[in-house]
Number of protein chains: 2
Amino acid sequence: MATSPKAIQERSGVGQGSMYHHFAGKSELALAAVRRNAAEVRAEAEAELAAPGTAVDRIAGYLHRQRDVLRGCRVGRLAHDPDIVAIPTLREPLEETFEWLQGRLAEVLSEGQARGELRADLDVEATAATIAAVVQGGYVLSRAANAVEPFNRAIEGVLGLLTAGRRS
Amino acid sequence: MATSPKAIQERSGVGQGSMYHHFAGKSELALAAVRRNAAEVRAEAEAELAAPGTAVDRIAGYLHRQRDVLRGCRVGRLAHDPDIVAIPTLREPLEETFEWLQGRLAEVLSEGQARGELRADLDVEATAATIAAVVQGGYVLSRAANAVEPFNRAIEGVLGLLTAGRRS
DNA sequence: GTCTATAGATGGATAGAC
DNA sequence: GTCTATCCATCTATAGAC
């Protein structure tokens with residue numbers, strides 16, 4: 001499992017014996033790790049999306065701030081683990097994180113529309129899903145290529161599409 | 001490993017003992033599985049991208065034909081496996097597949113530009129990376145949500161951006 | 001509360017019968 | 001060439017000293 005007691009917690013300082021004083025076992029430990037990752041990712045995204053500037057500025061800020069590209073998203077990574085998605089309790093934080101992100105992106109896009117920064121006929125919900133997907137997919141392409149370029153190109157591409165025919 | 005001898009091959013009919021007559025071990029077995037997946041994914045994508053129609057039609061055909069969304073892309077899934085990306089021999093087929101896909105998408109987009117179906121100032125390389133990323137990221141969002149809607153929304157969104165201001 | 005064993009389960013790999 | 005049986009490494013979890 002991506003959140004294995006051995007890999008994640010033993011290497012976090014303490015021995016595996018003492019770990020079982022704090023957590024009942026593998027699944028409880030995984031839940032704590034998943035929740036922590038979800039909260040961190042959410043906080044980092046919000047910091048960019050709540051910044052001042054136009055809608056496109058804030059979304060560009062969010063897209064450009066991603067780092068550790070080859071390591072992948074701390075939440076998205078977990079979505080590939082069958083042992084996590086199979087257990088509703090462990091999958092829920094992932095679902096909540098991405099739902100929140102898409103909703104937040106949709107809000108920013110709507111504000112941009114209201115200010116005339118973006119096309120009025122833009123489907124904000126679908127576009128928000130696209131932006132979230134580009135980030136997650138960019139990680140996948142970059143891991144496959146063992147290089148950051150695919151991630152960066154994908155980001156440029158979606159920003160280009162978003163601002164096409166409209167300089168904001 | 002995602003391509004474990006037990007999970008993938010023992011359940012493919014034969015016992016694990018006889019398996020070692022055909023493959024030297026875990027890594028050789030994984031290589032065969034990775035190459036097979038890569039070839040299949042590539043062939044399926046080419047079938048859609050080589051179809052008749054406008055550039056947007058063919059890309060829409062490619063995007064809409066994705067299925068088994070909750071299971072994920074047979075190639076993209078492997079990019080999350082540390083045991084695969086760490087071994088160059090196993091990672092190469094992934095890199096080649098996504099490089100080929102992005103190149104092929106870029107060709108289709110260029111054709112669309114030449115025919116006046118797409119904006120002349122579209123960055124075809126970046127847009128191709130974006131489209132590939134949306135597919136891979138759509139899988140991630142859908143697995144996290146345990147539902148196909150996020151994948152479909154992300155697809156709709158990128159198609160909307162591609163055709164915005166231009167009915168093709 | 002944290003440590004060092006250590007038990008039990010699982011997965012990868014080999015041996016040898018057929 | 002495929003099967004069963006078995007070894008070995010790894011990982012989860014527990015026991016008990018300190």
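In what follows, chains carry the letters A, B, and so on, assigned in the order in which the sequence lines appear, proteins first and then strands, with residues in each chain numbered from 1.
A:Glu107 has a carboxylate O that lies under 4.0 Å from a charged side-chain N of A:Arg104, or vice versa, which qualifies the two as a salt bridge. The residues B:Arg58 and B:Glu48 are annotated as not salt-bridged, no charged nitrogen and carboxylate oxygen being separated by less than 4.0 angstrom. The residues B:Glu46 and B:Arg42 are annotated as not salt-bridged, no charged nitrogen and carboxylate oxygen being separated by less than 4.0 angstrom.
Annotation: proximity of residues 25-33 of chain B to DNA chain C (heavy atom, distance under 4.0 Å) is found for B:Gly25, B:Lys26, numbered in ascending order.
Grouping Ile, Leu, Val, Met, Phe, Trp and Tyr by side-chain contacts under 4.5 Å, direct or through others, puts B:Phe23 with B:Met19, B:Tyr20, B:Leu29.
Looking only at atom types and distance, the side chain of B:Tyr139 has no donor-acceptor partner in the side chain of A:Gln136 under 3.5 Å away.
When hydrophobic clusters are built by joining Ile, Leu, Val, Met, Phe, Trp and Tyr residues whose side-chain heavy atoms come closer than 4.5 Å, directly or via intermediates, B:Val135 is grouped together with B:Leu49.
Side-chain atoms of B:Phe98 and B:Val75, non-hydrogen and from C-beta on, do get closer than 4.5 Å to each other.
In B:Arg74, the CZ atom is crowded: over 12 heavy atoms of neighbouring residues, nucleotides or ligands sit closer than 6.0 Å.
Rounded to an integer number of Å, the gap from A:Lys6 NZ to D:dC11 C1' is 6 Å.
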Any protein N or O atoms within reach of nucleotides 2-6 of chain C? Criterion: under 3.5 Å, listing atom names and distances.
from, atom 1, to, atom 2, distance (Å)
C:dT2, OP2, A:His22, NE2, 2.5
C:dT2, O4, A:His21, NE2, 3.4
C:dC3, OP2, A:Gly15, N, 2.9
C:dC3, OP2, A:Ser18, OG, 3.3

